[in-house]
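Per chain, numbering begins at 1; letters A, B, ... match sequence-line order.
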Number of protein chains: 2
Amino acid sequence: MLDIAILGLLEEGELHGYEIRRRLRAQLGILANVSFGSLYPALNRLKNAGAIEATEVRSSPPRERPPAPLTGSISGERAVFKARRRSLPKERRSRKVYRITDEGRRLFTELMQGGDSEDSRTFGLRLAFARHLTPSARLGLLERRRARLVERLNDARSAARDDSLDTYARSVMEHNADEVEHDISWLDQLIANERLVPATATPTRHDDG
Amino acid sequence: MLDIAILGLLEEGELHGYEIRRRLRAQLGILANVSFGSLYPALNRLKNAGAIEATEVRSSPPRERPPAPLTGSISGERAVFKARRRSLPKERRSRKVYRITDEGRRLFTELMQGGDSEDSRTFGLRLAFARHLTPSARLGLLERRRARLVERLNDARSAARDDSLDTYARSVMEHNADEVEHDISWLDQLIANERLVPATATPTRHDDG
DNA sequence: GTCATCATGTAAGCCGTTACATGATTGC
DNA sequence: GCAATCATGTAACGGCTTACATGATGAC
């Protein structure tokens, strides 16, 4: 799961570990608590697998390119209040800037599609990076998830009907089922939207116009 | 988490490992995939900790009491198609029947309250066994969870406002936030209900009337 | 000069998984 | 006798966490 997140972030530009973690916390609430103890080993694993490359950037670097592209719009708001005290985010110390490789891109699309998204967190993560998939792969992701949820809805509903459950347990089961149902209709909307916009717009870029 | 589930199930009667797993799958959709590889070690851990006691029951046992109460309704549907072929679940081979101890009950209430329920699965599990808590402990559980969710709602909402997100990522964030909101109003209902029924009814028993 | 932040890592451990090993009983 | 179900366990491993260790830089 971490691998998907890392590769997904690196698809959009090179980043160093600390920054990856910051984005994980800010952007994906899903992986809010990811720790360095799992992040750095994951980066090394991916590097050894040839999925990413690292460049050591020293304090006064050749400045080939800004290490963190920052996507133009820095999305003011929250980011600012943290960076307020120092006016410029100048380079602080040597860091390792990671860049995705072709192998990494291959691995990424493989991970994005492989093994039907078990839990909602994994699926949420995948969907969050779905712009990097082809339209058909994206549709497949959504439909596989939907099928999975329909199964789970049956289980949840019949579990909720169990007479032997007391108020509290039944409430949990019913709430569970409701949530799954809600998820399904959300997916239906997403799927409908996919079919409406077959290949017309590239809805992914926000700053290329 | 497994420990809570085991102790919670044993609060209602003695069971053997295989049956515990069956119930985990059927009743709590939450722990549907728990495997023997984690269940049996967990049982031994709890036994060593003095939280549960084991009795070896042989094929033709003293029959002190039916080892698996089975709660009457087997919640038909899915369970049946598996158990169809043999008419009666008579004792098959020697099993270890586990019974909760006083220490186990103490541990159970401790686990039920300790560490504010991080994720929804842990909370769902706790709430499913909430009938074993005192009314005030139950209320505390609900209110701590609610407070936690309110925090998360703030994070989720501000994450969803992030301009730099594309359609898919934003959809995930918004859906996330909606779900948290839905959870909160569910909790509000549960809390209101707790306050309405201070100690009047014991809503827990289903088969004593 | 001290604290907060930025930055990278290692070690130990928890909690769960899959795969493997064993064996009794029942139905066909 | 063979397969399925019931029943209990061990071994190896995976992924993530916490705690620990290190060190540079900027703000006050």
- Note on the structure: When rounded to whole Å, the CG to C1' distance for the pair L15(B) and dC6(D) reads 15 Å

- Message: Could you tell me how far apart E19(A) (CD) and dC6(C) (C1') are, to the nearest whole angstrom?
- Response: 11 Å

- Taking only residues two or more places apart in sequence or in another chain, which ones pass side chain to side chain donor-acceptor pair (under 3.5 Å) with R21(B)? none

- Can you sort out the partners of F123(A) under ring-ring contact (aromatic ring centres under 6.0 Å, His included), two or more places apart, ordered by chain and number? none

Contact list (N/O, under 3.5 angstrom) for nucleotides 9-14 of chain D vs protein:
unit_1	atom_1	unit_2	atom_2	d
dG9(D)	OP1	K96(B)	NZ	2.7

- Message: Looking at R152(A), I'd like to know if its CZ atom is crowded, meaning that more than 12 non-hydrogen atoms belonging to other residues, nucleotides or ligands lie closer than 6.0 Å.
- Response: no

- Task: Starting at OH of Y98(B), measure out to CG of L9(B) and round the result to the nearest 0.5 Å.
- Result: 14.0 Å

- Item | Distance in angstrom units between L39(B) CG and dC6(D) P, rounded | 15 Å

- Item | Integer-rounded Å distance: dT8(C) P and E56(A) CD | 9 Å

- Note on the structure: From the candidates dT5(C), dT8(D), dT17(C), the one with an atom nearest any side-chain atom of Y18(A) is dT5(C)

- Message: Using OP1 and OP2 only, check whether a side-chain N or O of H16(B) sits under 4.0 Å from dA7(D).
- Response: yes

- Query: For L46(B) and dT8(D), what is the distance between atoms CG and P respectively, to the nearest whole Å?
  - Reply: 15 Å

- In whole angstrom, what separates M1(B)'s CE from dT17(D)'s P? 16 Å

- Ranking R45(B) and S35(B) by the position along DNA chain C of their nearest nucleotide, the one closer to 5' is R45(B)

- Item | Nearest-Å distance for atom pair CG/C1', residues D3(B) and dG16(C) | 12 Å

- Message: In terms of relative ring orientation, are H175(B) and H182(A) parallel, tilted or perpendicular, with 30° and 60° separating the classes?
- Response: tilted

- Task: Send over the distance from R22(A) CZ to dT5(C) P, rounded to a whole Å.
- Result: 14 Å

